[in-house]
*Asks:* 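The structure follows.
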Amino acid sequence: MAQIFPKWSNQAPRIAMGGLAIAGLLTVGGVWYYFSPEYTDVGYQPNQPIPFSHLQHAGEMELDCRYCHAQVERSAVATVPPSQVCMNCHLLVGRDRESLEPLYSSFDLDLPIAWVRVHKVPDYAHFDHGAHVRSGVGCSDCHGDIRTMEKVTLMKPLSMAWCLDCHRDPTLHIRPMEEITNTTWAPPPDQVEFARRVMQEKNIQPPTDCSACHR
């Protein structure tokens with residue numbers, strides 16, 4: 001009697017199993033990347049109630065980050081400046097700009113400006129901004145070269161894995177305190193040696209256990 005199925009059909013189960021295995025790996029890999037903050041969050045660039053340009057203020061005018069974010073070295077959060085700080089200049093500058101109307105309304109009514117937050121760790125994660133700055137972690141390590149940004153953009157994933165990578169080996173992120181706000185700073189050849197010396201002097205021991213961030 002003639003064969004009903006061709007001889008190659010004997011390999012069909014193996015081919016099917018191999019295909020399923022490849023499809024499974026591709027699915028896991030796709031979810032691993034496309035569902036991660038590096039893909040879903042990096043590049044976030046919301047519109048703000050006032051088109052504030054860091055390129056103009058911090059870049060061209062060279063305003064120090066701490067003029068507006070005055071508590072970054074002490075506070076657990078990097079505070080947004082109140083309208084009064086902006087009015088130190090804009091009381092005289094830009095009075096005829098329609099785009100600055102929310103600033104003057106905020107100042108006159110004594111109400112905060114509804115800025116859209118760009119950099120935010122989840123509420124279930126504890127993060128102390130001042131502790132990182134005092135340890136020598138610079139602005140650009142988390143925020144990128146913000147002096148060149150016309151509109152603030154999320155440049156880092158701020159994920160648990162990203163934080164842990166730094167906590168496990170912070171040597172490339174610890175810089176001299178006078179370079180904290182230098183967004184173009186790059187590690188020098190002796191960076192590792194310098195960082196280890198600072199870590200010893202300041203007793204910097206970044207925790208990697210769960211309770212460090214999830215309290």
Side-chain angles (χ1 to χ4, degrees), residues 38 41-45 48 50 52-90 93 115 117-121 125-208 212-213:
E38 189 168 356
D41 296 358
V42 172
Y44 177 54
Q45 191 184 72
Q48 300 289 353
I50 299 173
F52 181 86
S53 171
H54 277 81
L55 172 63
Q56 179 184 19
H57 291 79
E60 297 170 2
M61 298 174 62
E62 299 184 351
L63 288 180
D64 191 287
C65 305
R66 290 161 294 194
Y67 179 77
C68 297
H69 305 287
Q71 304 298 320
V72 294
E73 296 164 302
R74 298 181 293 278
S75 175
V77 295
T79 54
V80 175
S83 302
Q84 176 60 62
V85 173
C86 304
M87 291 298 287
N88 289 341
C89 294
H90 286 286
V93 178
W115 298 106
R117 190 165 182 175
V118 179
H119 302 85
K120 186 180 187 303
V121 296
H126 171 77
F127 175 81
D128 190 321
H129 196 279
H132 287 76
V133 174
R134 292 192 300 272
S135 294
V137 179
C139 304
S140 58
D141 280 283
C142 299
H143 300 288
D145 190 0
I146 204 161
R147 291 180 189 267
T148 65
M149 297 183 191
E150 185 66 36
K151 183 187 290 188
V152 175
T153 304
L154 183 65
M155 301 300 294
K156 309 290 184 178
L158 308 183
S159 64
M160 184 174 73
W162 179 77
C163 293
L164 279 172
D165 285 342
C166 182
H167 273 228
R168 286 168 179 154
D169 183 14
T171 53
L172 294 181
H173 303 280
I174 295 177
R175 62 178 76 179
M177 293 304 296
E178 62 270 19
E179 300 288 353
I180 285 293
T181 61
N182 180 3
T183 60
T184 61
W185 179 86
D190 62 343
Q191 171 61 24
V192 174
E193 179 183 350
F194 164 78
R196 287 175 177 169
R197 185 170 64 251
V198 172
M199 291 176 66
Q200 184 176 11
E201 292 173 353
K202 294 186 176 182
N203 192 28
I204 298 174
Q205 300 178 30
T208 56
C213 300

*Asks:* Which value, rounded to the nearest 0.5 Å, describes the distance between C139 atom SG and W185 atom CH2?
*Replies:* 12.5 Å
*Asks:* Do any pairs count as a salt bridge (Lys or Arg N to Asp or Glu O under 4.0 Å) and have a residue in residues 132-156, sequence neighbours left out, and if so which ones?
*Replies:* D141-R175
*Asks:* With H126, which residues qualify under side-chain contact (heavy atoms from CB on, under 4.5 Å), at least two apart?
*Replies:* D128, R215
*Asks:* For C166, check side-chain contact (heavy atoms from CB on, under 4.5 Å) against everything at least two apart and list the hits.
*Replies:* P170, H173
*Asks:* Applying side-chain contact (heavy atoms from CB on, under 4.5 Å), can you list everything that pairs with Q56, at least two apart in sequence or on another chain?
*Replies:* S53, E60, M61
*Asks:* To the nearest 0.5 Å, what is the distance between CE (M160) and SG (C213)?
*Replies:* 9.0 Å
*Asks:* Pairs in or reaching into residues 176-202: which pass salt bridge (Lys or Arg N to Asp or Glu O under 4.0 Å), with residues at least two apart or in two chains?
*Replies:* none
*Asks:* According to side-chain contact (heavy atoms from CB on, under 4.5 Å), who are the partners of P189, at least two apart in sequence or on a separate chain?
*Replies:* none
*Asks:* What pairs of donor and acceptor atoms, side-chain ones from residues 69-86 against any protein atom, are under 3.5 angstrom apart with sequence neighbours left out?
*Replies:*
residue: H69; atom: ND1; partner: T79; partner atom: O; Å: 2.9
residue: Q71; atom: OE1; partner: R74; partner atom: NH2; Å: 3.3
residue: E73; atom: OE2; partner: R66; partner atom: NH1; Å: 3.3
residue: R74; atom: NH2; partner: A70; partner atom: O; Å: 3.2
residue: S75; atom: OG; partner: V77; partner atom: N; Å: 3.1
residue: S75; atom: OG; partner: V77; partner atom: O; Å: 2.8
residue: S83; atom: OG; partner: S106; partner atom: OG; Å: 2.5
residue: Q84; atom: NE2; partner: N88; partner atom: OD1; Å: 3.2

*Asks:* Give every residue pair that meets the salt bridge (Lys or Arg N to Asp or Glu O under 4.0 Å) criterion with at least one member in residues 161-170, sequence neighbours excluded.
*Replies:* none
*Asks:* Do E38 and W162 come close enough that some side-chain heavy atom pair is under 4.5 Å?
*Replies:* no
*Asks:* Can you sort out the partners of Y67 under ring-ring contact (aromatic ring centres under 6.0 Å, His included), two or more places apart, ordered by chain and number?
*Replies:* none
*Asks:* How would you list, by chain and number, every residue that makes a side chain to side chain donor-acceptor pair (under 3.5 Å) with T153, sequence neighbours excluded?
*Replies:* Q45
*Asks:* Quick one: list whatever passes ring-ring contact (aromatic ring centres under 6.0 Å, His included) with H57, sequence neighbours left out.
*Replies:* F52
*Asks:* With sequence neighbours left out, what residues match H119 under ring-ring contact (aromatic ring centres under 6.0 Å, His included)?
*Replies:* H143
